[in-house]
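These numbers were taken from a predicted model, which means no experiment stands behind them.
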Amino acid sequence: MEQSDRLSGSEMRERLLEIAEGAVLAKGFGATSIEELIAEAGITKNGFFYHFRDKNALALALLKRYMERDEALLDAVFSRGRELSDDPLQAFLIGLKLLAEKMADLPQDFPGCLVATFCYQERLFDRDVHALNHEIVLKWRARFRRSLDAIAAEYTPAEAVDLNALADMVSTVIEGGLVLGRATGSTKILPEQIMLTRNYIKLLFATPASGG
């Protein structure tokens, strides 16, 4: 009996997403064919279209899956920071350190981020994929902005700073670190960049708002 025969519908859908994500991150969405996905999954083309009406539907499903996993990871590390400290600055700094540690554990050949990959090939996608990619980036900004707002309520920044820009900087460091890590083959760059960002935020908000 083939492996595909032993998988339920939901399991096969997840299997297709897993195969597709690896292929897309390795060589891009345009270079990933339905034929290679079904060959590796061991199903027919009709079987593929049962789960995804076309490649854009596949792209949308990949992004939704990525967003769910990304949010779960960020929820875990930053909620842990809040559990370990009631101080918003310390909680955020702990979360960044935990995130850096998680990123240091990525495999040597970790291929990168779907959001960035889809941005590079945006002409291949329909408006739903564009909208979701946009939504993911804005969710990153909103997440980090909430933490920064709580910090700014209790600490006076050493320099005037746009908190939206600072929130975007955190996202940019993570995305850029993934790109540089892939380009150089180094797993150290991303966690090091996160820790440098952590140090910057720590120095920026070194003074309590009370002046104490």
> Can you tell if the side chain of R80 reaches within under 4.5 Å of the side chain of I94, non-hydrogen atoms only?
Replying inline: no
> Stepwise, does the salt bridge (Lys or Arg N to Asp or Glu O under 4.0 Å) test hold for E11 with R15?
Replying inline: CA-CA 6 Å; E11 289 171 336; R15 172 69 176 146; over 6 Å; no
> Roughly how far apart are I201 CD1 and L196 CG, rounded to 0.5 Å?
Replying inline: 11.5 Å
> Should Y155 and D87 be marked as a side chain to side chain donor-acceptor pair (under 3.5 Å) after you check the CA-CA gap, both sets of side-chain angles, and the distance that decides it?
Replying inline: CA-CA 10 Å; Y155 290 84; D87 180 282; 2.6 Å; yes
> Does a side-chain N-to-carboxylate-O contact under 4.0 Å join E68 and R65?
Replying inline: no
> Would you find more than 12 non-hydrogen atoms of other residues, nucleotides or ligands less than 6.0 Å from D162 atom CG?
Replying inline: yes
> Does K202 reach the side chain of L89, with side-chain heavy atoms less than 4.5 Å apart?
Replying inline: no
>> How long is the straight-line distance from CG of L96 back to CD1 of I194, given to the nearest 0.5 Å?
In response: 7.5 Å
> Considering only heavy atoms from C-beta outward, does the side chain of E175 approach that of W140 to under 4.5 Å?
Replying inline: yes
> How about L58 and L16: do any of their side-chain heavy atoms sit closer than 4.5 Å?
Replying inline: no
> Taking it one step at a time, do F52 and R13 satisfy side chain to side chain contact (heavy atoms under 4.5 Å, CB included)?
Replying inline: CA-CA 9 Å; F52 309 105; R13 186 177 191 276; 3.7 Å; yes
> In this structure, are over 12 heavy atoms from other groups packed under 6.0 Å from H130 atom NE2?
Replying inline: yes
> Hey, is K97 close enough to E101 for a salt bridge, meaning N to O under 4.0 Å?
Replying inline: yes
>> With heavy-atom distances below 4.5 Å as the criterion, would you say the side chains of L37 and T32 are in contact?
In response: yes
>> Around atom NZ of K64, are there more than 12 heavy atoms from other residues, nucleotides or ligands closer than 6.0 Å?
In response: no
> Hey, any chance L73 and F78 share a hydrophobic cluster, counting ILVMFWY side chains that come within less than 4.5 Å of each other, even indirectly?
Replying inline: yes
> Is there a side chain to side chain contact (heavy atoms under 4.5 Å, CB included) between K102 and D105 once you walk through the steps?
Replying inline: CA-CA 5 Å; K102 288 281 188 182; D105 290 335; 5.6 Å; no
> Are V179 and I189 linked, directly or through other ILVMFWY residues, by side chains that come within less than 4.5 angstrom of each other?
Replying inline: no
>> I need the minimum non-hydrogen distance between P191 and A100, along with the two atoms involved.
In response: CB-O, 3.4 Å
> So how far is it from E71 CD to Y66 OH, rounded to the nearest 0.5 Å?
Replying inline: 11.0 Å
> So do R198 and L99 actually touch side chain to side chain, heavy atoms under 4.5 Å?
Replying inline: no
>> Nearest 0.5 angstrom please: L93 CG to M195 CE, how far?
In response: 9.0 Å
> Under a 4.5 Å side-chain heavy-atom rule over Ile, Leu, Val, Met, Phe, Trp and Tyr, are L17 and Y50 clustered together?
Replying inline: no
> Should I34 and F49 be marked as a side chain to side chain contact (heavy atoms under 4.5 Å, CB included) after you check the CA-CA gap, both sets of side-chain angles, and the distance that decides it?
Replying inline: CA-CA 10 Å; I34 292 175; F49 289 122; 3.9 Å; yes
> Hey, are the side chains of D128 and N56 touching, using non-hydrogen atoms and a 4.5 Å cut-off?
Replying inline: no
> Under the 3.5 angstrom rule, does the side chain of K55 hit a backbone N or O of F29 as a donor-acceptor pair?
Replying inline: yes
> Are F205 and E154 close enough that some pair of their side-chain heavy atoms sits under 4.5 Å apart?
Replying inline: no
>> Please say yes or no: joined through hydrophobic side-chain contacts below 4.5 Å, possibly via intermediate residues, are L166 and L203 part of one cluster?
In response: no
>> Could you see if L84 belongs to whatever hydrophobic cluster contains I151? Use Ile, Leu, Val, Met, Phe, Trp, Tyr and a side-chain cutoff under 4.5 Å.
In response: yes
> How close do A167 and L148 get, heavy atom to heavy atom, and via which atoms?
Replying inline: N-CD1, 3.5 Å
>> Is it true that N164 and R145 share a donor-acceptor pair across their side chains at a distance under 3.5 Å?
In response: yes
>> How close do P88 and A150 get, counting heavy atoms only, and between which atoms?
In response: CG-O, 3.6 Å
> What's the spacing between R82 CZ and F92 CZ if we round to 0.5 Å?
Replying inline: 10.0 Å
> When you measure from the side chain of D168 to the backbone N and O of S171, does any donor-acceptor pair fall under 3.5 Å?
Replying inline: no
> When you look at R143 and D75, which way does the side chain to side chain contact (heavy atoms under 4.5 Å, CB included) test go after all the steps?
Replying inline: CA-CA 9 Å; R143 172 189 292 277; D75 282 345; 2.9 Å; yes
> Once you round to the nearest 0.5 Å, how far does CD1 of I19 lie from CD of E21?
Replying inline: 11.5 Å
